[in-house]
Number of protein chains: 2
Amino acid sequence: MIKCVKCEQVDSIMKAGYVRGRQRYLCKSCNYYFTHSEKDPSILSLQKRKRHQTTIIDIARSLGVSNSTVSRALHDHADISPETRQAVLEKVTQLDYQPNQLAYNLVKSRTNTIGLIAPEFQNPFFPNVIIGAHEILTQAGYNLTIMQSNESYQVEVSNAKAMLANRIDGLIISLTQETNNFEHLNVFAKRGIPLILFNRVCKQVDVPKVVVNDFEASFQAVEHLILNGYERIAHLGGPLNLLVSQERLRGYKAAMEKYGKTIESHMIIQGMLTQQKARIYGQYLLDLADRPDAIFAVNDSSAIEIMLMAKEKGISIPDELGVVGFSDNPESVYIGPGLTTVRQPTLEMGRTTADWILQLIDSDDAELPEKKILKTELIVRGSSARKKVF
Amino acid sequence: MIKCVKCEQVDSIMKAGYVRGRQRYLCKSCNYYFTHSEKDPSILSLQKRKRHQTTIIDIARSLGVSNSTVSRALHDHADISPETRQAVLEKVTQLDYQPNQLAYNLVKSRTNTIGLIAPEFQNPFFPNVIIGAHEILTQAGYNLTIMQSNESYQVEVSNAKAMLANRIDGLIISLTQETNNFEHLNVFAKRGIPLILFNRVCKQVDVPKVVVNDFEASFQAVEHLILNGYERIAHLGGPLNLLVSQERLRGYKAAMEKYGKTIESHMIIQGMLTQQKARIYGQYLLDLADRPDAIFAVNDSSAIEIMLMAKEKGISIPDELGVVGFSDNPESVYIGPGLTTVRQPTLEMGRTTADWILQLIDSDDAELPEKKILKTELIVRGSSARKKVF
DNA sequence: AAAACTATCGGGAACGTTTGCGGATACGTT
DNA sequence: AACGTATCCGCAAACGTTCCCGATAGTTTT
C-alpha cells in the first residue's frame, strides 16, 4: 500500500502519471504530489563514489567554532587569538585538510593562474619560452597552465574558450599558423582579461606584444649571405598570415634591394613549414634550372633538412650552397658544417611576457608599450662561410 | 546628526568605540549597535574593478524564466521545450555568456582537468611525452595543465599541493632528481585521486608506472660497446635515488659481468647531470691515468659534452674513445661522429600515461598492471663504431 | 564611571552552477 | 466527466570558501 508522505493516509492516494520513469502519486486529501522512490541501488552506488574531502566546516564543527574563525586562522587574519589559531592548525593537520581552491576562486573570482597557449612543442623554442615565463610566474605566486594548440586554429579557439571558462587571470598566447580570425582573442579584451601576444603575433588584436626584431634579423642574415659572395638567394618563409613571416620577408627583400640583387618570386616560398613540406620545397629549390646559391630558411629544422638534401645531391656547403636558419636549435651547432642561424632570446621572451601580464593584472591602467622587440643575434657558422669566417 | 539605522531615532544614539577604524554607535532605545559607514571612496574604486560577467541568472532574468531552465537548455536536458531552448541559446550569444567553469567544478566536484608535473623542459624528452599525453587527453575532452618542478623537490611538493587544491581529476608525474620523500604523492592515494608515475618513478608509491626497459637498454648499450672491442667502459649515471639510474647501473654491471670485464668503482659516477656537472665528471674521466676507452652516459647532453671535451683533448672518437648516450636528442644525429644512443618512445609513453589515467578515472576499480615497460631502441652511429658498423 | 579602545568570535550573504523533486498544464482515453 | 499520461518549468538546497557586519567582554583612558 502506498502512503502519502505528508498526511500518511492510504486511501486517498491516486496515480498521477509518470515522472522520469517513476510512478507518480497524488494524495487527494492533502493535495500533495509525490513519487514513490524505491531508490535504484545502482544509482546509489554511483553516488557513493563521491568521497568526502574535509572542509573548513568539518574543522569548525569539530572545534566548536564558526567557519569564519577557521578561515581567519588559516589566513593569518588579525581577528584571531593565538590559541584558537593553534587549535585550528592542529585540527588541520589532524584531519588532513586541504583547502578547496575551486571554492576560493569562485568567491574571489580570481584563480591565481596564468594561461599559456603555444602552437607546438616540437622545436625547443616554445618550451624555452615557457621556462622563462614559468620562472617569473611561480616566483610571483602564480600558477601556469599550459595548453598546446597544435598549429590548429580550431584547437586554439577551444583552448582559449577553456581558459576563459576556467577564469584564468591572464593569457599569454602565440598564434598558430592557421589563425586568421581573432574573435576568440577579442573576447578577452571585452572581458577585461589581460592578454599578451608573443612571437606569433598579429596586428588585429590591440594588446601588448613581445617579439624579436624579425626584420633586422632577417636583413642581417641575408646581408651576411650577400657579403659572403652569394648571389641568387632564396627565401624559405613561413605562412604570410603570420607577422613574423611578413617581417622576415621584408627583411629579406630590403637586404636584397640594398645590394642590388634582383628579387625573383620563384625564389621565394611561403608555407607551413613541417618537415615534410620542407623536403618538398627544398627539392623544388635545389632542382631549379637557376638553382639558388644560398637559402635563408625561416627555421632551423627546414634549413637542416635542406642541408641534408644538398649533401645527398652532392652539392657542397658552403661552396655551392650557403644556408642560414632561424632559432639556433641545439642540433645546429653539431651538424657539419655548423648551421649559421639567428639566435632568439627565448628565456627573456618568456620572462618579459610573464612580467607584463603581471603588470596588467596588478594595475588596471598599466601603461605598457604596445610592443617589445627583443634583440636577436646572428650566429655565424660554417654553412654560410664561403669566405672562411672562422 | 547620526540616525539609528533601525529605529531612525536621533537622540538616543551614543558612541560605542571603534571597529576597524570606524566609529561605532549604539542606539539606546532599540539597543542596536552599528557603525557609521561613510564608504571610503578609494576602497570603492577598488571594488569597481571587479567586472560583471554575464551569468546564467542574467539570462534567466532577461527571459523571465528560472535558472534551472537556462541550465537545462544549455545542457540538452530532456525537460525543456525546443522553443525555450532556442530562446535561451539566442540570449546566450546575444549577451555573450560564457559559463563559469569554477562554479560548475565546485558543484560537480570534478574539474575535467589532468595535471602533469615534469622535472624539466630543457631536453626534448618531457615536451615529447607531453605531446603524446596531450593528444589523448584533449581527444577525451580533458584539459591538461602542466607544471614544471625544475628538478627541485620543494617545487614538486608545492606543485602537487597546488594540483590538489585545484582538484584536478588525476595526476601524471615524473619525479625530480632530488625527490626522496613521497608523502606528497601518497596524499593522492588517500584522497582517491588517480595518479600515474612515468619515467622517473619510485617503488615507494603504489600506483601504476610507465617506464622504459632501462635495464635492458643499458645492458644492450654496454654490450654493444664491448662487442666493438672496448675494454675499460665507464658509466656516467644519474643520481641513485632515481630508479632509472639504478636500473641503468644494473644493466651496465650485468653486461660487464657477462663479458668478464672488471667493474671498477672509480669508473662509475652517479650524480645530477647538469651540463656543468657533466664537464666536471668528463674532465675527471678523461684525465684518469687508466683512462676509460668508452663511456656510457645517462643522457645525450652529457655524452655530447664528453665528445666535445675529447675533441679538445685530441682524443679520437670512436678509435680511442667510444661514447654512447641515452634519449636520442635531435642533435645526436648531427654531431660528428653521430652519437650512438638509446631512443625512447616518448610519444607512446605520453599516450600510455594519459590512457591509463583516463581508465583510472572512469572506473574505480580499473585493473591496471602495476607497470608498463616500453621498448627502447639502440641507435648505432659513429661514436661507438670502432668496427665500422655502417 | 562613562567613554573609548582592543581582541575575538559568530551569522550569513555571496560567488555561479547543478539537480532532485514538486507543481502545473495540455492532451489524450475511457 | 474523470482519469491517466507526458511535458515543461520553478524552487531551493547544495558545493566550500571569503568577508562584511555586528556582538561581546574586557581593558584603558578621561
What does A:Ser68 touch in the nucleic acid at a heavy-atom separation under 4.0 angstrom: a base, only the sugar-phosphate, or nothing?
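Base contact.
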Determine the contact category for B:Ser71: base if any of its heavy atoms lies under 4.0 Å from a base atom, sugar-phosphate if only primed atoms, P, OP1 or OP2 are that close, otherwise nothing.
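Base, at least one base atom sits under 4.0 Å.
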Length of the line joining [X]:[atom1] and [N]:[atom2], which is rounded to integer Å:
X        : N      : atom1 : atom2 : answer
B:Arg72  : C:dT19 : CZ    : P     : 10 Å
B:Ile59  : C:dG16 : CD1   : C1'   : 12 Å
A:Asp79  : D:dG22 : CG    : P     : 15 Å
B:Leu63  : D:dC8  : CG    : P     : 16 Å
B:Gln53  : C:dG16 : CD    : P     : 8 Å
B:Leu74  : C:dG16 : CG    : P     : 15 Å
A:Asn67  : D:dC20 : CG    : P     : 16 Å
A:Leu102 : C:dT17 : CG    : C1'   : 12 Å

Should the pair A:Lys91-A:Asp58 be classified as a salt bridge under the 4.0 Å nitrogen-to-oxygen rule?
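Looking at A:Asp58 together with A:Lys91, the answer is no, because their closest N to O distance does not fall below 4.0 Å.
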Measure from the side chain of [X], starting at C-beta and using heavy atoms only, and say which of [options] lies closest.
X        : options                : answer
B:Asn100 : D:dT17, C:dG16, D:dG10 : C:dG16
B:Ser66  : D:dC11, C:dG16, D:dC20 : D:dC11
A:Val107 : C:dG20, D:dC8, D:dT18  : D:dT18

Is any side-chain N or O of [X] closer than 4.0 Å to OP1 or OP2 of [N]?
X        : N      : result
B:Thr69  : D:dG10 : yes
B:Thr55  : C:dG16 : no
B:Lys108 : C:dT19 : yes
B:Tyr97  : C:dT17 : yes

So A:Met163 and A:Thr145, side chain to side chain contact (heavy atoms under 4.5 Å, CB included) or not? Walk me through it.
CA-CA 9 Å; A:Met163 293 281 193; A:Thr145 122; 4.1 Å; yes
By nearest heavy atom, map A:Leu106 and B:Glu83 onto DNA chain D; which one lands nearer the 5' end?
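Taking each residue's closest nucleotide, the earlier one in sequence belongs to B:Glu83.
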Examine distances only and state if a side-chain atom of A:His134 and a backbone atom of A:Ile130 form a donor-acceptor pair shorter than 3.5 Å.
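Not a single qualifying donor-acceptor pair exists.
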Rounded distance [0.5 Å steps], CG in B:Asn105 versus CG in B:Asn112:
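So the gap between those two atoms works out to 7.5 Å.
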Look at the side chain of B:Arg167 and the base of D:dG16, then say whether one donor and one acceptor between them are separated by less than 3.5 Å.
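No pair found.
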Upstream residue (5' side of DNA chain C) when B:Gln98 and A:Gly64 are each assigned their closest nucleotide
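That would be A:Gly64.
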Mapping A:Thr84 and B:His75 onto DNA chain C by nearest heavy atom, which one lands closer to the 5' end?
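By nearest-heavy-atom nucleotide position, the 5'-most residue is A:Thr84.
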Let me see the working for A:Leu144 and A:Ile146 under side chain to side chain contact (heavy atoms under 4.5 Å, CB included), right down to the final yes or no.
CA-CA 6 Å; A:Leu144 173 63; A:Ile146 300 161; 3.9 Å; yes
